[in-house]
Engineer: 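My structure is below; once you've seen it, I'll send some questions.
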Amino acid sequence: MPTVKGDGMRGLAVFISDIRNCKSKEAEIKRINKELANIRSKFKGDKTLDGYQKKKYVCKLLFIFLLGHDIDFGHMEAVNLLSSNRYTEKQIGYLFISVLIGANNDLMKLVIQAIRNDLAGRNPIHITLALQCVANIGSREMAEGLSVDIPKLLVSGDTIDSVKQSAALTLLRLLRSSPDSIPMGEWMSRIIHLLNDQHMGVVTAAASLIENLVKKNPEEYKGCVSLAVSRLSRIVTSSYTDLQDYTYYFVPAPWLSVKLLRLLQNYPPPEDPAVKTRLSECLETILNKAQEPPKSKKVQHSNAKNAVLFEAINLIIHMDSDPNLLVRACNQLGQFLQHRETNLRYLALESMCLLATSEFSHEAVKKHQETVITALKTERDVSVRQRAVDLLYAMCDRTNAEEIVGEMLEYLESADYSIREEMVLKVAILAEKYAVDYTWYVDVILNLIRIAGDYVSEEVWYRVIQIVINRDDVQGYAAKTVFEALQAPACHENMVKVGGYILGEFGNLIAGDPRSGSAVQFQLLHSKYHLCSPATRGLLLSAYIKFINLFPEIKHIIQDVLRSDNNMRNADVELQQRSIEYLQLSSITTADVLATVLEEMPPFPERESSILAKLKKKKPSSVPEGSEQKETTASKIPAVQMSNNVDIAPPTSINLMSQGESSTDDFVDQGSPQGGSASVDLLGLGSPTQPTAPSVGSGGLLDMFDTLTSHSSAPATNGIDLGGLSGGAEEAFRKFICKNNGVLFENDLLQIGVKSEYREDLGRLWVFYGNKTTFQLNAFLVDVSTPGNLSETGLSIQQKPVGGEVEAGAQVKQQFNMACVQEFAEAPVMTIQFLYSGAQQKISLKLPVVLNKYITPAEMDANTFFTRWKALNSPSQECQQIIKATSPIDHEQVKAKLIGFSVSVLEKVDPNAENFVSAGILYTRNQQVGILLRLEPNKQAQMYRLTVRASRDKVAKILCDLMQTQL
Amino acid sequence: MIKAILVFNNHGKPRLSRFYQYYPEDMQQQIVRETFHLVSKRDDNVCNFLEGGTLIGGSDFKIIYRHYATLYFVFCVDSSESELGILDLIQVFVETLDKCFENVCELDLIFHVDKVHYILAELVMGGMVLETNMTEIITRIEEQNKLEKSEKAKLDGTPVLIQTYAGIAAAPARAVSALKEMNIPQKVKDMKLPDLPSIGNLKF
């Protein structure tokens, strides 16, 4: 035994022993700091350090780094070691760099230069070191610097096998980290032929590389399928002695087999019948081998064999084309389910999850339901139990849903904390998806809350409320059930939330029974009040105000509660505000207003389940995309499908959930920009110039009172109707009363222009949507609705479709044809919706179509005018208004306005030259209406008197209203 | 892809950490701690795979590990790797260590961190399996050792021939002799480490 001085690096050994002998963390740190100071001074001061010493110090630094201490020096010394000719020094230099230097280090340029030198050298062992370093760091800078050298090594004829192997994996690493900096070249076409290489190690490495390339561009590398199949076939059919060193515990080349089977999973079943047959034979052989007695008792033997087997089964599932193989695979997995090796049970459950999604084998998987349930209950390993949950979820369908959900609920009581939340989501989804009877669904969810309330996320309880609201057949049952559930002395806060919401909406359905009468319900809810968080209390307060509407007889009790100091002077402003506002609301408003404001929630729009979205986010792998789709289309589930969170804030009602704060943001806040405008219609909240201000939350409630009180003093004109319009829409709209062309709306994203022409009772209007952004606007949708009864008779609108996208900077034109059937007062409302970089945008505008557009000017002399004027003398035919001028009275401007209003301006008719007299004929489909107009300005008072007479009732009033906005 | 390879002992002391994806240093330490926390509370007869671990990779991430006497060998991989395949790879790694160090034990990993890294580099490269054939791996390691010896021989003037035969097989012996020279066997005894049985020939 040659004892070489310093070979074990005595200094290093001493240092390590010292560290290990340290009795405390402090002592260890002290020793390390001492060593670091020593090394630092050596590196700084001693210029004569030889390679061995450098190596020793670098080793010490590595050891210190492993213990979790930052190493902020020594980098330069390591880089210097790279250019050493000595192998050992080079080696330690590379090691230090690949362990300690991040990709962004300043020294990377020097490192890359050293690597390039080594790659260009002829010494394979140096090349390998350099490649290892590149593969381990794999930075973009390296990819750019070495993008030519490495592919060259890979396909060059005189590269030795081990270097080829390393080059393949190095290239793979660079392709992964910066795919765009590797130039595609001639090497790409040659790469698949590496699958035929003599050296199995090269083939294994190449298979990894090819798989990565295939994932990006399957077409280009399609040739690898037949090569992989034939290689696989040769391995599978060889006896274990053929491959010698690549046989691992009597299994021929297991890693390569696994790689090839993985590679094939990127393609559909081979088209070439010969290849297809050969592949099927391989898979069958692998399945057959599983049944053979083991060649060794060692666990490594069965591991390797099963690694190949599982990959084969995955490929069979992926191809999903051969029912025979699928069923065999399923049976094989069934055997593993009961295997004594935990690893195999785990993997069998995992693979079966995939198998359950195939229509050929879904039934076969279901045969194992009992075993899986037993596994869920008896497995000692949480990893395995988790897989069992996944499989139960995957194999669930309408026939076994009740049983599986029941078992999962039962297990939930004792389940590991780590998997509870996921289980809750899964149970909630299954219950909803396969519910035939919604009372069952309600029971399941309430059980979930009871058993695992802490793990029931907001999505779950939102969802049950959405479903109850949308399905009136369960509302009574739900009310009864939550009432019973709330009887429990201690119930989870989520239960209180659901209970509060449902009783607030549907408590009346069970109030007939004296045991659950109004006062009882209220007392029950209120008994929980003081134990709840402020968010829940807010919800309960909303439930109380709803009670006032449902049960007027307990109004005074509730008002007392709202009035109590505990609420009205609560430190939490939200609660304080709610109490005060609700109290005011209940005392000031009439029963009718109260009933409208507190009306039952309307059904939610149908959407994808938010729970499913949450599960997908949590575990993308566990929700097979395709199968979900199949489910929803194949089985016509009566379930409501809805609610991701956009625009679910319902119209015409206060949303009980609204907190105005983040606590229920999913439910309300994100919806409010859209939903807000809908509520506004009723409540007249929010000013039209701030359309996107969230108006459903607490702020909205405040506004509501403002408007309610202002209503009584000064009846708002048409503010209520305009509430939903986008900012500036009303002003822009007014400009169009007297003109036909112009810009109707403009913001940062969109400019909307209008051009129109009218002839008698027909009108044509073009709207131009100009995309001002540099992005495409998606899902561009325009909807025109006519408010009130206008749609029945007033105006008939034909809308040409407009495309779904508006390209960046482009303009899209849409034509509307509008015929005036009879007089109408309200302009149609146009709603424009689109997605701008993923965010839903909504713009509501009044389409500038007004009654005066259908007037044709008429000329007549003074005599005729006054004769007709006098003839139109019934009160309903005349409308007169006194208007304060908004701008100094200018004769010419007024004249232009009148002409723009489509009436004539008759000269020398009125004895007073300052006055205007106009006439016109309003064409509607049903009749022609004569219009006479007289406008008398008073310059001193800056007032106008406007008189309109028309031969048809109401028309005068409408035109008068329109004209007065222009003066 | 293999994201990281970690070796730590029963007390969570890291003995080897190799990351194939860049993480800042403090993050690396956190990952080691988290992984140890996850793995150490599991019984020996449960399965060798587990999910969880929030620091690497998120949902597409699995821990595959083996526990040998005092050491945990942990591979953190994504879903593109075969679980059993990785399990066998761990076995190959340990068997190779065992051959190179002759009955490898925890001390070998401590005193020859660099060697362990070189052996690993022959198995796994950039997160992908490079070579699985143990004979081939050992041949390559021995080539390295030859080079090392010859360089040292040049330095010391000792005949190359003798050196070559020592190979890496002599490493533990050298470590022990180094220890002896420094008169620290006593210290080794005093260490609070559990027994350090050879980990190569244990039942798995």
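Lettering of chains follows the sequences in order, A, B, ..., and the numbering in each one begins at 1.
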Engineer: Without hydrogens or angle criteria, can the side chains of Y246(A) and E131(B) be said to hold a donor-acceptor pair below 3.5 Å?
Structural biologist: yes
Engineer: Under the ring pair (Phe, Tyr, Trp, His ring centres under 6.0 Å) rule, collect the residues that match up with F8(B), sequence neighbours excluded.
Structural biologist: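 Ring pair (Phe, Tyr, Trp, His ring centres under 6.0 Å) list for F8(B), sorted by chain: F36(B), Y72(B).
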Engineer: In terms of heavy-atom proximity below 4.5 Å to chain A, should L87(B) be classed as side chain, backbone, both, or neither?
Structural biologist: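 Answer is side chain: those atoms of L87(B) sit under 4.5 Å from chain A.
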Engineer: Which answer fits H301(A), side chain, backbone, both or neither, if we ask what part of it has an atom under 4.5 Å from a heavy atom of chain B?
Structural biologist: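 Looking at H301(A), nothing touches chain B.
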Engineer: Counting only heavy atoms closer than 4.5 Å, note whether D43(B) contacts chain A via side chain, backbone, both or neither.
Structural biologist: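 The side chain, not the backbone.
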Engineer: Thinking salt bridges, do K3(B) and E81(B) make one under a 4.0 Å N-O criterion?
Structural biologist: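 Between E81(B) and K3(B) there is no salt bridge, as every charged N stays at least 4.0 Å from the carboxylate O atoms.
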Engineer: Return yes when atom NZ of K164(A) has more than 12 non-hydrogen atoms of other residues, nucleotides or ligands closer than 6.0 Å, and no otherwise.
Structural biologist: yes
Engineer: Tell me, for I125(A) versus chain B, whether the close heavy atoms (under 4.5 Å) come from the side chain, the backbone, both or neither.
Structural biologist: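 For I125(A), the side chain is the part near chain B, not the backbone.
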Engineer: Using a 4.5 angstrom heavy-atom cutoff, name the option from D88(B), L84(B), V46(B) with the most pairs to chain A.
Structural biologist: D88(B)
Engineer: In terms of heavy-atom proximity below 4.5 Å to chain A, should Q28(B) be classed as side chain, backbone, both, or neither?
Structural biologist: side chain
Engineer: Which bit of L89(B) is near chain A, if near means a heavy-atom gap under 4.5 Å: side chain, backbone, both or neither?
Structural biologist: both
Engineer: Taking side chain as everything from C-beta outward and backbone as N, CA, C, O, which of these in L256(A) sits under 4.5 Å from a heavy atom of chain B? Side chain, backbone, both or neither.
Structural biologist: neither
Engineer: Could you tell me which of L174(A), L347(A), V258(A) has the largest number of non-hydrogen atom pairs under 4.5 Å with chain B?
Structural biologist: L347(A)
Engineer: Can you tell me which portion of F65(A) sits under 4.5 Å from chain B's heavy atoms? Options are side chain, backbone, both or neither.
Structural biologist: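 Both parts, backbone and side chain.
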Engineer: Do the charged groups of K149(B) and E142(B) touch, with an N to O distance under 4.0 Å?
Structural biologist: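 Here K149(B) does not pair with E142(B) in a salt bridge, since their nearest N and O are not under 4.0 Å apart.
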Engineer: In terms of heavy-atom proximity below 4.5 Å to chain B, should N85(A) be classed as side chain, backbone, both, or neither?
Structural biologist: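 The backbone, not the side chain.
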Engineer: For chain A, which of S79(B), P14(B), G127(B) has the most heavy-atom pairs under 4.5 Å?
Structural biologist: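 Most heavy-atom pairs under 4.5 Å with chain A: P14(B).
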Engineer: Counting only non-hydrogen atoms closer than 4.5 Å, does R345(A) touch chain B with its backbone (N, CA, C, O), its side chain (CB onward), both, or neither?
Structural biologist: neither
Engineer: Could you have a look at K13(B), E143(B), E136(B) and say which one has the most heavy-atom pairs with chain A under 4.5 angstrom?
Structural biologist: E136(B)
Engineer: If you count heavy-atom pairs within less than 4.5 Å of chain B, which of L95(A), V308(A), I92(A) leads?
Structural biologist: L95(A)
Engineer: What pair of heavy atoms forms the shortest contact from R86(A) to S84(A), and how long is it?
Structural biologist: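 Minimum heavy-atom contact is N-OG, 2.9 Å.
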Engineer: Specify the closest pair of heavy atoms between S166(A) and T128(A), including all atoms of both residues, with the distance to one decimal.
Structural biologist: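 Shortest heavy-atom contact: OG-CG2, 3.9 Å.
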Engineer: Side chain, backbone, both or neither: which part of L344(A) has a non-hydrogen atom closer than 4.5 Å to chain B?
Structural biologist: side chain
Engineer: So which residue, R380(A), R262(A), E311(A), ends up with the most heavy-atom pairs under 4.5 Å with chain B?
Structural biologist: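 Ranked by contacts with chain B, first place is R262(A).
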Engineer: Tell me if the aromatic rings of F73(B) and Y68(B) count as close, with their centers under 6.0 Å from one another.
Structural biologist: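 Ring-ring flag for F73(B)/Y68(B): true, centres closer than 6.0 Å.
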Engineer: Top residue by heavy-atom pair count (under 4.5 Å) with chain B, among S177(A), C59(A), G68(A), A168(A)?
Structural biologist: G68(A)
Engineer: Indicate whether any N or O donor in one side chain lies under 3.5 Å from an N or O acceptor in the other, for Y20(B) and R173(A).
Structural biologist: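 Absent: no donor and acceptor within the cut-off.
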Engineer: With a 4.5 angstrom heavy-atom cut-off, could you sort out which part of T135(B) is near chain A: side chain, backbone, both or neither?
Structural biologist: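 Contact with chain A is through the side chain of T135(B) alone.
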Engineer: Which one of D26(B), V124(B), T132(B) has the most heavy-atom pairs closer than 4.5 Å to chain A?
Structural biologist: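 Of the options given, most contacts go to T132(B).
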Engineer: For the residue pair S98(A) and R18(B), what are the closest heavy atoms and their distance?
Structural biologist: OG-NH2, 3.4 Å
Engineer: Between F310(A) and F336(A), is the ring centroid distance below 6.0 Å?
Structural biologist: yes
Engineer: How would you list, by chain and number, every residue that makes a side chain to side chain donor-acceptor pair (under 3.5 Å) with Q29(B), sequence neighbours excluded?
Structural biologist: none
Engineer: Measuring only between side-chain heavy atoms, which start at C-beta, is H69(A) closer than 4.5 Å to E25(B)?
Structural biologist: no
Engineer: Heavy atoms only, distances under 4.5 angstrom: which of L16(B), N48(B), V113(B) has the most pairs with chain A? Name it, please.
Structural biologist: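 Among L16(B), N48(B), V113(B), the one with the most close pairs to chain A is N48(B).
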Engineer: Can we say E122(B) and R140(B) salt-bridge, meaning some charged N sits less than 4.0 Å from an Asp/Glu carboxylate O?
Structural biologist: yes
Engineer: For Y346(A), is it the side chain, the backbone, both or neither that has a heavy atom under 4.5 Å from a heavy atom of chain B?
Structural biologist: side chain
Engineer: Please look at K298(A) and chain B and tell me whether the side chain, the backbone, both or neither of the residue comes under 4.5 angstrom of a heavy atom of that chain.
Structural biologist: neither
Engineer: With a 4.5 angstrom heavy-atom cut-off, could you sort out which part of Q265(A) is near chain B: side chain, backbone, both or neither?
Structural biologist: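 Q265(A) has no heavy atom closer than 4.5 Å to chain B.
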